[in-house]
Protein chains: 2
Amino acid sequence: MPKQEGRLEVPEVVVERLPLYVRALKELAQRQVEVVSSKELGERLHTTPAQIRKDLSSFGRFGKQGRGYSVRTLLTALQQILGLDREWHVAVIGVGRLGRAIISYPGFAPEGFKVVAALDNDPRQIGQVIGGLMVQPIEELPRLVKEQDIQITIVAVPREHAQEVIDLAVQAGVRAILNYAPITPRVPNGVRVQNIDPVLSLQAMTYYLVSGERRPLKTPSGAR
Amino acid sequence: MPKQEGRLEVPEVVVERLPLYVRALKELAQRQVEVVSSKELGERLHTTPAQIRKDLSSFGRFGKQGRGYSVRTLLTALQQILGLDREWHVAVIGVGRLGRAIISYPGFAPEGFKVVAALDNDPRQIGQVIGGLMVQPIEELPRLVKEQDIQITIVAVPREHAQEVIDLAVQAGVRAILNYAPITPRVPNGVRVQNIDPVLSLQAMTYYLVSGERRPLKTPSGAR
DNA sequence: CACTGTGAATTGGTTCACAGCC
DNA sequence: GGCTGTGAACCAATTCACAGTG
């Protein structure tokens, strides 16, 4: 049985590593470094040179033999591949402490992620201004998505409301969701979800803490 | 060459899934569900029954043929395996907006993660009380780790300071670090790191958004 | 009879090793 | 000479399929 249709299916693990490369390359660019080898990049990211070369080879031939990769060229290429050469409009749903921290986080804008809307369902929050945005009722989501050209939603509501909020976002046409609520959301095909749950991360580490009590462990750096 | 020493090396991917099972089981337990099959659990978590059975089989035989798994029994077993049957003491370093949101996050305590210390290097922050904790200067970390029996550190400082703060934590004897700063930290063997960087998560999703413009995609739910 | 637990089969991902090139 | 790009070899993870069992 053939794979699904003719396109160069790049494995998801590879796609998830590309942003890491971008981050490292940006740092190098800022330090005026012009060329980097897969070996050097690998050392920075605690991965192997072969892995990096393999990953990149799924998208093209960016390097120069005997020399390495031009930082600028590779960076530009990866940004284009990842769609980072444009601005993305983001809505944040839920303006509790976490939502507020997200809205005010200065790390999004320089990467092209612009928070253009803040929503909540709590009447006491609605109308407040956070990070220059007036908090809107959740019912406004479909309109905002359309008018503000929102492609990404960040969900920072309590667990009980997360699935319904995600359903609404999907309904409104959003196809990428960054979910901070501790659930495994159900979404239709074609919608991407990334979940961030610090409790899960902690719980995976405690496994090694307790088993490390028995014997020492090596140090695989929990991805990313 | 043998693997490293005689123990039942459980792959890291498996360990990272266990907390997901715990989360789902807790929810079932709360709803008074007594028995669950790998099929049902798989549906909740968007994974296959075989995967769940395989994962669990690395740790023991928890199920009953023809019936499934006792929710309570399996939950207890997994909690013990992950070391969740005790209380873990956590220090939060960095009390900016994110650090404050973390300290006040009500999701940690019920899972046995108790934030017992808050630290910062900004003199204006030191002495303030956040979530019942007085903010201490970073220099106090070694003392606090010892006196408060801290095993885990959450790093929520700006990028520029993250590596040094992590070095200090390691120096102080911490062997598990949850890092929110956008860096790939360098840590010695035996120290676990989990990184949380929403920008990386967003960047992985935009890849699919732009490639999806060309043709529709299936929906693998970005892990967890 | 409906499920688990698990070897075997398969699929997927990583690493090796080297030809080719700058 | 030093590095990339890439098939081939290897290793890891997932899925299959079925024997075993409450």
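The basis for the numbers below is simple: all heavy atoms, side chains too, and nothing from hydrogens, waters or symmetry mates. Letters A, B, ... are given to chains in the order of the sequence lines, protein chains preceding strands, and every chain is numbered from 1.
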Tell me which donor-acceptor pairs under 3.5 Å the side chains of residues 81-91 of chain A have, and how far apart each pair is, sequence neighbours excluded?
| from | atom 1 | to | atom 2 | distance (Å) |
| --- | --- | --- | --- | --- |
| A/R86 | NH1 | B/E213 | OE2 | 3.0 |
| A/E87 | OE1 | A/H89 | NE2 | 3.4 |
| A/W88 | NE1 | A/G83 | O | 2.7 |
| A/H89 | ND1 | A/Q148 | O | 2.6 |

Query raised in the report: Over how many whole Å does the gap from B/I52 atom CD1 to D/dT15 atom P extend?
Result: 11 Å

Report summary line: Atom CD of A/Q51 and atom P of D/dT4 are separated, to the nearest Å, by 14 Å

Query - side chain to side chain donor-acceptor pair (under 3.5 Å) against B/E34, all qualifying residues, sequence neighbours excluded - result: none

Requested in this report: Output every pair passing salt bridge (Lys or Arg N to Asp or Glu O under 4.0 Å) with a member in residues 63-78 of chain B, not counting sequence neighbours, ordered by first then second residue.
Outcome: none

Query raised in the report: Base, backbone or nothing for each nucleotide of nucleotides 1-10 of chain C, written B, S, -, heavy atoms under 4.0 angstrom, 5' to 3'?
Result: -BBBBBBB--

Report task. Take the protein atom CG of A/L74 and the nucleotide atom P of D/dT4, then report the distance between them rounded to whole Å. Result -> 11 Å

Report task. Please check if the side chain of B/S104 supplies one atom and the backbone of B/A101 the other of a donor-acceptor pair under 3.5 Å. Result -> no

Report task. Take the protein atom CD of B/E12 and the nucleotide atom P of D/dA12, then report the distance between them rounded to whole Å. Result -> 13 Å

Query raised in the report: What is the distance from NE2 of A/H46 to P of C/dT15, rounded to the nearest Å?
Result: 15 Å

**Report entry** Partner set under ring-ring contact (aromatic ring centres under 6.0 Å, His included) for B/Y21, not counting sequence neighbours
**Finding:** none

Report summary line: Taken in chain and number order and not counting sequence neighbours, the residues that satisfy ring-ring contact (aromatic ring centres under 6.0 Å, His included) with A/F62 are none

